[in-house]
Amino acid sequence: MKKILILANDVTTIVQFRKELIKALVDSGNEVLVSVPDHPRNSEIAELGAKIVESKASRHGKNPLQDISLLLSYRKLIKRNNPDFVLTYTVKPNAYGGMACGSLKVPYAANVTGLGVIENDGLLQKIMLTLYKRGCKKAKCVFFQNGSNLEFFKKHNIVGDNVVLLPGSGVNVDRFSYLDYPADGRVNILFIGRIIRDKGVYELAETAKQYLDNKNVHFTILGDVEYGSENPFVGLDNVSCMGYNNDVIPFLKEAHAVILPSYHEGMANVLLEGASSGRPILASTIPGCRESFDEGVTGFGFEVKNADSLKAAVDKFLSLSHEEKCQMGRMGREKMEKQFDRKIVINEYFKIING
């Protein structure tokens, strides 16, 4: 039996994408501790048999003093709990958790879930590259969710050969089982994600405007408006904004396709879940999205930040017959079963943890 500590900055992503890993670790006789900030959903982690150890990690904070405090708190946490192995997720846990583990000679593995602001040239990128280099320096393994992110890290000499490319976070093909395709008629296109510019919502709103006179096309938006952002769908009669919902399956049942015009992703879990449910994919052809579909077979891609290209992809999808849309969904389900089953991810973690 091993004591395994997981460092993350958001319990929601842990519950949505890592709970099968946590349960597998617990069921194998390991003691699992999860360090996340206080949140109502922390109880869901405890229900899996893991122990919560709260942290002050923030997703969006940019205060250097807070970051130094996080590094020190991670060191104290690791010293106090003396784990045999540490798993880290997202930028700050990867960087500061990695530094803490390296300094205390505790084996650890980091998971790069996406690049985000690190892609943009400038001072912030230089700072983040330095932090990541220090955080990944002594990692037993650095997991990547798409090949483009892996090449970016290698180009900047952050990682060497201690890397493993995963199929994103994978998808629970049992939970997101194949759903009967909706009846022919008004086509419902579903967007799942935060309402924030980087998710491509302005391009999506611009596209939706082009269908205002077409009563056979409707868009459903499932997600909250991010703090500091605006909702570009306000006033559009052919768009339903449903807010955030823990359970997306009822919305997938009613959807004819899942759309994501995102600017950057590690691996778009909403696309994996949509395809696993038998829904065609419409997505920007960026790393983290393009892997989730096969062009013309399980979905259609479009150029990022380009509303005209987005609309052209929607038009191609709408031109398909009902049976062709059904077949596209069935092929997407088959792709998920073969290439993106979450069991693949869990097996890779067990290989690293067990040496």
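Keep in mind that this is a model prediction, so the values were computed, not measured.
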Open item on the list: Could you walk me through whether Ser229 and Ile195 satisfy the side chain to side chain contact (heavy atoms under 4.5 Å, CB included) test, starting with their C-alpha distance in whole Å, then the side-chain angles of each, then the deciding distance to 0.1 Å, before giving a yes or no?
Closed with: CA-CA 7 Å; Ser229 300; Ile195 299 178; 5.7 Å; no
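Counting heavy atoms from C-beta on, the side chains of Leu252 and Leu179 come closer than 4.5 Å. At a threshold of 4.5 Å between non-hydrogen side-chain atoms, the residues Ile352 and Phe143 count as touching. By the 4.5 Å heavy-atom criterion applied to side chains, Ile249 and Arg175 are counted as neighbours. Residues Asn9 and Tyr89 form no side-chain contact, since every pair of their non-hydrogen atoms from C-beta on lies 4.5 Å or further apart. Within the 4.5 Å cutoff, the side chain of Leu77 has no heavy atoms near those of the Leu33 side chain. Contact check for Ser321 versus Asp184: no side-chain heavy atoms found under the 4.5 Å cut-off. Gln327 has its side chain within reach of Met331: a pair of non-hydrogen atoms, C-beta onward, lies under 4.5 Å apart. Considering only heavy atoms from C-beta on, Ile4 stays 4.5 Å or farther from Pro83 through its side chain.
At least one cation-pi condition fails for Arg330 and Tyr178: the charged atom is not both under 6.0 angstrom from the six-membered ring centre and inside a 45 degree cone around its axis. At least one test fails for Lys311 against the ring of Phe302: distance under 6.0 Å to the centre or angle within 45° of the axis. Phe317 carries Lys325 over the face of its six-membered ring, with the cationic atom under 6.0 Å from the centre and within 45° of the normal.
Heavy-atom neighbours of Lys316 NZ from other residues, nucleotides or ligands within 6.0 Å: above the threshold of 12. Other residues, nucleotides and ligands place more than 12 heavy atoms under 6.0 Å from the CG atom of Asn354. Enclosure of atom NZ in Lys140 by more than 12 non-hydrogen atoms of other residues, nucleotides or ligands within 6.0 angstrom is indicated. The neighbour count for Lys138 NZ, taken as heavy atoms of other residues, nucleotides or ligands under 6.0 Å away, does not exceed 12. The number of heavy atoms from other shown groups lying within 6.0 Å of CD (Glu230) does not exceed 12. Within a 6.0 Å radius of CZ in Arg134, no more than 12 heavy atoms belonging to other residues, nucleotides or ligands are found. Summarising the local packing, NZ of Lys154 is surrounded by more than 12 heavy atoms from other residues, nucleotides or ligands at distances under 6.0 Å. Applying the 6.0 Å contact sphere to CG of Asp237 captures no more than 12 heavy atoms from other residues, nucleotides or ligands.
Residues Tyr244 and Asn246 bring a donor and an acceptor atom of their side chains to less than 3.5 Å of each other. Donor-acceptor pairing under 3.5 Å is recorded for the side chains of Glu203 and Tyr263. Side chains of Ser276 and Arg333: a donor on one and an acceptor on the other come within 3.5 Å. Judged purely by distance below 3.5 Å, without hydrogens or angles, the side chains of Glu20 and Asn172 pair a donor atom with an acceptor atom. For the residue pair Ser169 and Arg18, a side-chain donor N or O sits within less than 3.5 Å of a side-chain acceptor on the partner.
Two rings, from Tyr181 and His256, have their centers less than 6.0 Å apart.
Without hydrogens or angle criteria, Arg290 side chain to Gly301 main chain gives no donor-acceptor distance under 3.5 Å. Within the 3.5 Å criterion, the main-chain N or O of Asn149 finds a donor-acceptor partner in the side chain of Asn146. Counting only distance, with no hydrogens or angles, the side chain of Asn94 and the backbone of Thr90 share a donor-acceptor pair below 3.5 Å. Side-chain N or O atoms of Asn238 include one that pairs as donor or acceptor with a backbone N or O of Ala208 at under 3.5 Å. Side chain of Asn347 to backbone of Lys343: a donor-acceptor contact under 3.5 angstrom is found. Remark: side-chain polar atoms of Thr298 are paired, donor with acceptor, to backbone N or O of Asp294 under 3.5 angstrom. In terms of modelled atom types and a separation under 3.5 Å, the side chain of Glu291 and the main chain of Gly288 share a donor-acceptor contact. A side-chain donor-acceptor contact under 3.5 Å links His322 to the backbone of Pro182. Within the 3.5 Å criterion, the main-chain N or O of Ile353 finds a donor-acceptor partner in the side chain of Lys2. A donor-acceptor pair under 3.5 Å links the side-chain atoms of His39 to the main chain of Arg41, judged by distance alone.
Ring-plane geometry between Phe233 and Phe191 is classed as tilted, the angle between the planes lying from 30 to 60 degrees on a 0 to 90 degree scale. Below 30°, between 30° and 60°, or above 60°: for Phe219 and Tyr211 the angle between ring planes is between 30° and 60°, a tilted geometry. A perpendicular orientation is assigned to the rings of Phe153 and Phe144, their planes being inclined by more than 60° (bins at 30° and 60°).
Taken to the nearest 0.5 Å, the CG atom of Leu204 stands 5.0 Å off from the CD1 atom of Ile221. One finds the NZ atom of Lys3 at 15.0 Å from the CG atom of Leu25 (value rounded to the nearest 0.5 Å). Expressed to the nearest 0.5 Å, how far NZ of Lys133 lies from CE of Met99 amounts to 12.5 Å. Between Leu222 atom CG and Ser240 atom OG the span is 11.0 Å, to the nearest 0.5 Å. For the atom pair CE (Met336) and OG (Ser177), the distance works out to 14.5 Å, reported to the nearest 0.5 Å.
Leu271 pairs in a side chain to side chain contact (heavy atoms under 4.5 Å, CB included) with only one of the listed residues (Leu260, Ile192, Ile259), which is Leu260. Of the listed residues (Thr13, Val53, Ile52), just one forms a side chain to side chain contact (heavy atoms under 4.5 Å, CB included) with Val36, and that residue is Ile52.
Between Glu265 and Lys199 there is a salt bridge, with a side-chain nitrogen of the basic residue lying less than 4.0 Å from a carboxylate oxygen of the acidic one.
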